[in-house]
Amino acid sequence: MSRNPLDLVRARPEPGFSFTFDGEPVPALPGQTVAAALWSSGRMSWRTTRDGGRPRGAFCGMGVCFDCLVVLDGRPNVRACLAPAHPGAQVTTQEGDGHAGLGA
Amino acid sequence: MPGSEHDIAFDLGIVGAGPAGLAAAVTAADLGLRTVLLDTAPRPGGQFYRQPAAGLGARRPQALHHHWRAFAQLARRLRRHIGDGTVLHLAEHHVWSVGAVGSAGSSASSASSSSADSAGWLLHAVSGPEGLAARTVRARAVLFATGAYERQLPFPGWTLPGVVGAGGAQAMLKAGLVLPGQRVVVAGSGPLLLAVAASLAAAGARVPLVAEAAGYAGYTRGVSALAANPGKLAEGVSYGVRLLRRRVAVRTRSAVVAAHGADRVASVTVARLDRDWRPVPGSERRVSCDAVAVGHGLLPQLELPVELGCRTRTMPDGGPALEVDACQRTSVPGLWAAGESTGVGGAELALVEGELAARSITAELGGLPPTGGGDHHGGRRLERRLDRRLDRRRARLRDFAELMATVHRPGPGWSDWLTADTEVCRCEEVTAGQVRAAVDQLGAGDQRTVKLLTRAGMGWCQGRMCGSAVARLAGQDDPVGGRPLSCPVPLGLLAQE
């Protein structure tokens, strides 16, 4: 009864890895985007808006809406739904325009 | 201009490797055209045939797809043509501008003076993780197979995490094998909703409800289009059966009129709608969920052809489409279009249009004997028969597309479910109250004026998410979407052009 997407397509993924999101480890499978891995770990938001400071995550899932912006390895404004996760990646919540605390 | 890649001239440049672009690329290559296929994704297939990433080792990707066999065949033919050098596939390349060769700046503003017999076109693309790598290719003819994105109509709470695009949920599932939640309400309008609900349910999510704002009875008004497309009817029935089996309730003339939750959606309010999509007072009820997949049909991606001056028409649902002739030619000589860009109609139609476009382009470039002449009588007859068969299929699928757009045309009553503080523009956080003030008090009569007054549509997505809602609040159809650049481009790159 407990179906899941991997079983549905009879996936035999290559060995998984992990990256960190705001310091916490997140498991990922090879080829998954940052957004897919975050969804898989139950996280649906990883950005706060510039004016209202409200939480946002992936919406369009195909690189159009830019709602899923994240700071990836120190680079702000990366679309999490397009960027592949990689072992050891450091992903952090993007606050506002993403430039606060970058010291630049 | 820097770089030398564009010294290699291609016969045909195709923007987009979805069903239309793929079908066109393999057909053109079969007929001997040197073809360059540019696409933003790492693998061909577009949104419809989005494949699980290779590392996920999916042995049965077709479980998430319709018409997978057609795609598998195309992908095989494409690989062969890439192998023999007839097709160059530039994956992860975003074409941001197309211009006629030899015109000043060779970019957006240079539309009018060109044709297939002129020096051709330059396609400017960016690639790399930050879009910093530039590449320009030259082609004698260009085919736009740019596909579509989802039309969104906002409702209170639609910016809560857990509320995602229906197409977005589908894309994330197909490519990443992930779900947005355990209990997913699917809502909006259009046949995509059934496909999404069926996929989510098959992949293990509970789908307590599909709320379709239109009524399926509308399809019976197009009896002839329906009768000519038994495949479409069967497809609808097959989704219905699969949803029934998974105990998914499909409710027509219903909409999610609000999403509730603190940091994530926890429930939605569903209301019955009247014919004009106005919520029926007293019909509201709560449905608990941890995700919502929402979408109101598709809108074609038209920035590039519109900037080049290609004429558009309006579909019955208010969405724009490129005007094309029987040969898939746009109104600008040397530019062709196929698939959703000529009017949203689905993958099957896109495949036919892509093939027809490639045949027309080959004939015009002198590679294929036009069906009226030539010496090889047998071959000619065969060609003519194929053309006629494709023509007929296109006509019947196009009829169905028009019917679909008529049935799912957003009713004017949708805006009744907006509250003053409902965010309309997700990027700039502009509310329905602000948009209405611009329309009612400041007299804004179109999306562009509202944008100038409120910043709605000025953010990263360039109005793709809010454009339809803003235009409709201002009393218009969906905006055509002309933008000088089709994606954000580093300033340094623009300075080089």
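The chains referred to below are lettered A, B, ... by the order of the sequence lines, with proteins before strands, and numbering in each begins at 1.
- Here the side chain of Arg12(A) pairs no donor or acceptor atom with the backbone of Gly57(B) at under 3.5 angstrom.
- Test Glu428(B), Glu423(B), Glu429(B) against Thr49(A) for side chain to side chain donor-acceptor pair (under 3.5 Å) and you get one pass: Glu429(B).
- Checking each of Met465(B), Met172(B), Arg426(B) against Cys60(A) for a side-chain contact (heavy atoms from CB on, under 4.5 Å) leaves exactly one that passes, namely Met465(B).
- With a 4.5 angstrom heavy-atom cutoff, Leu72(A) does not touch chain B via any of its atoms.
- Separation of atoms CG (Asp290(B)) and CE (Met44(A)) is listed at 8.0 Å; rounding is to 0.5 Å.
- Considering Leu200(B), Leu173(B), Leu56(B), Val178(B) in turn, Leu173(B) is the only one that fulfils the side-chain contact (heavy atoms from CB on, under 4.5 Å) rule with Pro5(A).
- For the atom pair Asp7(A) CG and Leu177(B) CG, the distance stands at 10.5 Å (nearest 0.5 Å).
- Under a cut-off of 6.0 angstrom, the local environment of CG in Asp22(A) is crowded, with over 12 non-hydrogen atoms contributed by other residues, nucleotides or ligands.
- Here CZ of Arg3(A) is found 10.0 Å from CG of Leu179(B). Values are rounded to the nearest 0.5 Å.
- Between atom SG of residue Cys427(B) and atom CG of residue Asp51(A) there is a gap of 11.5 Å, rounded to the nearest 0.5 Å.
- The backbone N or O of Leu8(A) lies less than 3.5 Å from a partner atom in the side chain of Arg60(B), making a donor-acceptor pair.
- Atom-to-atom distance recorded for Arg10(A):CZ and Gln62(B):CD is 8.5 Å, nearest 0.5 angstrom.
- Ring orientation note: the planes of Trp460(B) and Phe66(A) are close to parallel, at an angle under 30° on the 30°/60° scale.
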